[in-house]
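Working notes, beginning with the structure itself.
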Amino acid sequence: MRRSFYLLCTVQFLATFALMLLIPAMPLYLQQLNQGVALSGFWPAAAIAVPAVGALLSAPLIGKGCDLLGHKLMLMITQGTFVLALFAMALADTVPGFLAARLLLGFAGISLVLTVFFSHAGFRSEALQLASQQRAIALACLSGPLLGGYALDQFGIQQLLFFTACISVLIWCCSGWLVPGKVHQLQHQAESSPASSLWSLPLLCWLCAGSAAQAGAFALVVAFALYCQPLWQHLEYKATLIGGLHATAWFATFVCAGFWGQHNQHGRLSRNYALAALGCAFALLVMPFSTQLWWFAAARLLQGACFSALPQTLFLQVGQLCPAAERGAALGLARSSQVTGQLLGPLSVAFCYDEFGASFVLWPVVLWFLVAAFCVVCPTLLNSTYFKAISK
């Protein structure tokens, strides 16, 4: 079981790495595909967003498939789709063909299948397995853009994509051999809620929290660059500095994911999620009060450390709020809520930037994280008999 666990963490790393390696170099790579002719800003934005559209469409189907067909079969199907998408990206020689491959990459939905697998426990407790998944995601988000930018300058993105696809084929074959067909739950795993139906008001609150937190995370990607550019316009390497601070946040996410996993083992998930979301909001609130570089670095470290709690706690709680037979469907809804946030967050920053300017773009990000914290404590604050009855 130990080998299959680390193999699945590797699968998660590759799935996120393939999504992230083109993020900083997307406009340049699309220009290469277009025979060096400059493209409008629509095409890079579409290339970045289109995997989220694919994930939004496929998440409910994949989650339900895990319940009906089993984790092993869905893992093999989604890994095969992922490999096909990688080869399509590597071989694409036109912009529309590349976008179609990116859509298929998002449609594959490997991360959701892995979340369902880890939520049923096996080698470690459910909380620690989800924490390990979060660490694999953070490591890929840290290394993907760095290697992608280096590859574009040195030997080409297509070669890196093709190499990643070949490695993924090998991992796919190993998965068919090593990953067990039946997941064995640990005895001390937290039991699922004996709810008789999938939908409940607490579940809805958590889905809204997941959407808001993801909106804040993706809004920050846009807002941070817009906010810092006027402050550091005199610096020669401001793009490198902004990228380095993003990497700092992902490093903190990688380091601290296990800390939150340990705390989630002991319950109090609503408290942990709310504190982490408030920590993200606080880290961003302090930025406007200083222009010192160390201040920004400390704020991004705090934000990354706190954000590492949010996805894993969301999936852990959603898995415990639903009937055991519908856990895949519930986690599919959680993934869909996250993707909805990915689309809404950058739009909110774009609106704020157009209306109020660069100095205000961090405020919608703060608001998203505050909404996420409020959503998970709302049932507790109301403390009504209705919420208690629904949760039983």
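Nearest heavy atom pair, residue A299 against residue V286, reads CB-CG2, 4.2 Å. Here the shortest heavy-atom pairing between A274 and A373 reads O-CB, 3.9 Å. Across Y227 and A358, no two heavy atoms sit closer than the pair CD1-O, 3.5 Å. When all heavy atoms of A127 and L316 are compared, the pair lying nearest together is CB-CD2, 3.9 Å. Scanning both residues, A276 and L310, for their nearest heavy atoms gives CB-CD2, 3.7 Å. Y273 approaches A372 most closely through the heavy-atom pair CE2-O, 4.0 Å.
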Tell me, with the steps shown, if V50 and L105 meet side-chain contact (heavy atoms from CB on, under 4.5 Å). CA-CA 9 Å; V50 74; L105 187 69; over 6 Å; no
Kindly indicate, with the supporting measurements, whether the criterion side-chain contact (heavy atoms from CB on, under 4.5 Å) is fulfilled by V376 and Q317. CA-CA 10 Å; V376 296; Q317 180 66 83; over 6 Å; no
Could you check E126 against Q129 for side chain to side chain donor-acceptor pair (under 3.5 Å), going step by step and ending with a plain yes or no? CA-CA 5 Å; E126 180 181 349; Q129 288 193 148; over 6 Å; no
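Remark: side-chain polar atoms of Q133 are not paired, donor with acceptor, to backbone N or O of L8 under 3.5 angstrom. Counting only distance, with no hydrogens or angles, the side chain of R135 and the backbone of A257 share no donor-acceptor pair below 3.5 Å. Judged by distance alone, with hydrogens and angles left aside, the side-chain atoms of D67 form a donor-acceptor pair with the main-chain N or O of A329 at under 3.5 Å.
Using a 4.5 Å heavy-atom threshold, the side chains of V361 and V349 count as touching. A 4.5 Å side-chain heavy-atom check between L285 and W363 finds at least one atom pair inside the cut-off. L147 places a side-chain heavy atom less than 4.5 Å from the side chain of F17. The shortest side-chain heavy-atom distance between W368 and C280 does not fall under the 4.5 Å cut-off. No side-chain heavy atom of L112 sits less than 4.5 Å from a side-chain heavy atom of T78. Two residues are said to be in side-chain contact when any heavy atoms from C-beta on lie closer than 4.5 Å; T115 and R335 fail this criterion. No side-chain heavy atom of I110 sits under 4.5 Å from any side-chain heavy atom of T81. When side chains are defined from C-beta on, V318 does not count as touching L333, because their heavy atoms never get closer than 4.5 Å.
Applying the ring-ring contact (aromatic ring centres under 6.0 Å, His included) test to residues at least two apart or on different chains, the pairs with a partner in residues 278-319 are W232-F296.
With sequence neighbours left out, Q303 forms a side chain to side chain donor-acceptor pair (under 3.5 Å) with R300. For T340, there are no side chain to side chain donor-acceptor pair (under 3.5 Å) partners at least two apart in sequence or on another chain. Under the side-chain contact (heavy atoms from CB on, under 4.5 Å) criterion, F356 pairs with C352, F360, sequence neighbours left out. Shown here are the side chain to side chain donor-acceptor pair (under 3.5 Å) partners of T16, two or more places apart in sequence or in another chain: Q12. The side-chain contact (heavy atoms from CB on, under 4.5 Å) test applied to R271 returns R268, L275, not counting sequence neighbours. Remark: L73 pairs with L69, I77 by the side-chain contact (heavy atoms from CB on, under 4.5 Å) rule, at least two apart or across chains. Every side-chain contact (heavy atoms from CB on, under 4.5 Å) that L57 has, sequence neighbours left out, goes to V53, F107.
With rounding to the nearest 0.5 angstrom, the CH2 atom of W260 is 5.5 Å from the SG atom of C306. Of the inter-residue distances, the one linking Q134 atom CD with L128 atom CG reads 13.5 Å to the nearest 0.5 angstrom.
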Using atom types as modelled, flag every donor-acceptor pair under 3.5 Å from a side chain in residues 156-179 to any protein atom, sequence neighbours excluded.
residue: Q158; atom: NE2; partner: A90; partner atom: O; Å: 3.3
residue: Q158; atom: NE2; partner: A92; partner atom: O; Å: 3.3
residue: T164; atom: OG1; partner: L160; partner atom: O; Å: 2.8
residue: S168; atom: OG; partner: T164; partner atom: O; Å: 2.8
residue: W172; atom: NE1; partner: M76; partner atom: O; Å: 3.2
residue: S175; atom: OG; partner: Q79; partner atom: OE1; Å: 3.0
residue: S175; atom: OG; partner: I171; partner atom: O; Å: 2.9

Side chains of residues 206-220: which donor-acceptor partners sit under 3.5 Å, not counting sequence neighbours?
residue: S211; atom: OG; partner: S337; partner atom: O; Å: 3.2
residue: Q214; atom: NE2; partner: Q342; partner atom: OE1; Å: 3.4

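Under a 4.5 Å side-chain heavy-atom cut-off, the cluster of Ile, Leu, Val, Met, Phe, Trp and Tyr residues that includes V339 is completed by L56, L343. Through ILVMFWY side-chain contacts below 4.5 Å, I137 is grouped with nothing and stands alone.
Note on F224 and Y353: same hydrophobic cluster, where clusters join Ile, Leu, Val, Met, Phe, Trp and Tyr whose side-chain heavy atoms are under 4.5 Å apart, directly or indirectly.
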